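The next block holds one structure in the form of C-alpha cells; read it before the comments.
The residues of the chain are indexed from 1 along the displayed sequence. This is a predicted model, so every value here is computed, not measured.
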Amino acid sequence: MKARTLTTKKAIHDEVMREYQARYDEHQNAIASDIAVQVLSNVLITLDKSYGWRKDRLKHFVEALQDMSDIMENPTPMTHRFTPDDNYEYIKNTYGIDLKEEFQFECQNKR
C-alpha cells in the first residue's frame, strides 16, 4: 500500500478541511439533541417569565414545535422539505433577525 504524501500547502489545507468537515458533522450529530434541549429550555423559560405562559400554552407550543419538525422531516404534497438552516434564513430575510449575530455563545468546558 502506497502512502499518500501531501506536498503543497493547498493540498494540506484541502485535506485538513476535508477531515475537519467530516469530524464537524460527526460532532454536530452527537451533540445536536443536547443543544436543542438547552436552547428550547431557554425559550420555554423566556415564554414563562417574560410573557406569562403557563403549562397549557407551553405544552401547546412544544406540540407545535413537534408538528413543525414532523412537517420538516416528512413533507406532504402541500409542503416541501426544509431544514433548520432554511428556517434561519427565513427569519433573517423576513424579519431581519440574524440569530447568529444576536446569539454568539462562548462554550467553556466545566469539567
Side-chain angles (χ1 to χ4, degrees):
M1 182 168 149
K2 189 173 182 179
R4 187 171 156 206
T5 305
L6 303 173
T7 58
T8 67
K9 284 185 179 181
K10 182 178 179 346
I12 293 169
H13 178 269
D14 291 348
E15 181 62 20
V16 167
M17 292 310 294
R18 186 192 65 73
E19 188 65 24
Y20 171 82
Q21 190 61 47
R23 296 288 187 248
Y24 179 85
D25 292 344
E26 287 175 22
H27 289 112
Q28 186 177 30
N29 289 336
I31 64 173
S33 181
D34 289 339
I35 292 172
V37 167
Q38 293 171 16
V39 170
L40 291 173
S41 295
N42 288 346
V43 168
L44 294 177
I45 287 294
T46 301
L47 292 171
D48 173 27
K49 302 301 181 192
S50 296
Y51 298 100
W53 288 26
R54 297 295 181 246
K55 183 179 180 179
D56 288 342
R57 269 189 157 169
L58 292 172
K59 283 186 164 236
H60 289 301
F61 181 76
V62 169
E63 290 169 4
L65 284 172
Q66 291 168 332
D67 291 344
M68 185 60 67
S69 294
D70 187 52
I71 291 170
M72 290 170 63
E73 292 297 317
N74 305 299
T76 67
M78 299 296 290
T79 64
H80 65 284
R81 184 174 301 279
F82 54 101
T83 67
D85 289 333
D86 297 327
N87 296 345
Y88 162 76
E89 288 297 327
Y90 173 82
I91 295 297
K92 181 180 172 185
N93 295 333
T94 304
Y95 301 109
I97 301 171
D98 186 342
L99 294 170
K100 289 181 183 178
E101 290 294 320
E102 296 288 335
F103 296 97
Q104 296 185 5
F105 298 100
E106 185 174 316
C107 298
Q108 298 176 0
N109 190 351
K110 295 184 180 182
R111 292 179 190 209

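For residues 73-83, there are no salt bridge (charged side-chain N to carboxylate O under 4.0 Å, His left out) pairs, not counting sequence neighbours. Among residue pairs with one or both ends in residues 54-70, those qualifying as side-chain hydrogen bond (donor to acceptor under 3.5 Å, both in side chains) are Asp48-Arg54, Asp70-Asn74; sequence neighbours excluded.
Legend: residues meeting salt bridge (charged side-chain N to carboxylate O under 4.0 Å, His left out) with Glu19, ordered by chain and number and at least two apart, are Arg23. Taking the side-chain contact (heavy atoms from CB on, under 4.5 Å) definition, one finds that Ser41 meets it with Val37, sequence neighbours left out. Partners of Asn42 according to the side-chain hydrogen bond (donor to acceptor under 3.5 Å, both in side chains) rule, which considers only residues two or more places apart in sequence or in another chain, do not exist here. Residues passing the ring pair (Phe, Tyr, Trp, His ring centres under 6.0 Å) test with Phe61 are Trp53, sequence neighbours excluded. Glu101 pairs by the side-chain contact (heavy atoms from CB on, under 4.5 Å) definition with Asp98, Gln104, not counting sequence neighbours. For Gln21, the side-chain hydrogen bond (donor to acceptor under 3.5 Å, both in side chains) partners are Asp25, not counting sequence neighbours. Partners of Phe82 by ring pair (Phe, Tyr, Trp, His ring centres under 6.0 Å), not counting sequence neighbours, listed by chain and number: His80. Partners of Asp14 under the salt bridge (charged side-chain N to carboxylate O under 4.0 Å, His left out) rule, at least two apart in sequence or in another chain, are Lys10. Scored by the side-chain contact (heavy atoms from CB on, under 4.5 Å) test, Pro84 finds Met72 as partners (sequence neighbours excluded). In terms of the side-chain hydrogen bond (donor to acceptor under 3.5 Å, both in side chains) criterion, Ser50 has no residue partners (sequence neighbours excluded).
At a threshold of 4.5 Å between side-chain heavy atoms, the hydrophobic network of Ile, Leu, Val, Met, Phe, Trp and Tyr places Val62 and Leu58 in one connected group. Tyr95 and Leu99 fall within the same hydrophobic cluster, defined by Ile, Leu, Val, Met, Phe, Trp and Tyr side-chain heavy atoms under 4.5 Å apart, directly or through other members. Follow the hydrophobic side-chain contacts under 4.5 Å out from Leu44 and you reach Leu65 in the same cluster. When the side chains of ILVMFWY residues are joined at heavy-atom separations under 4.5 Å, either directly or via intervening members, Val43 and Tyr51 end up in a single hydrophobic cluster.
Note: Ile71 CD1 to Met68 CE = 5.0 Å, rounded to the nearest 0.5 Å.
Within 6.0 Å of atom OH in Tyr90, 12 or fewer heavy atoms from other residues, nucleotides or ligands are found, so the atom counts as exposed in its surroundings.
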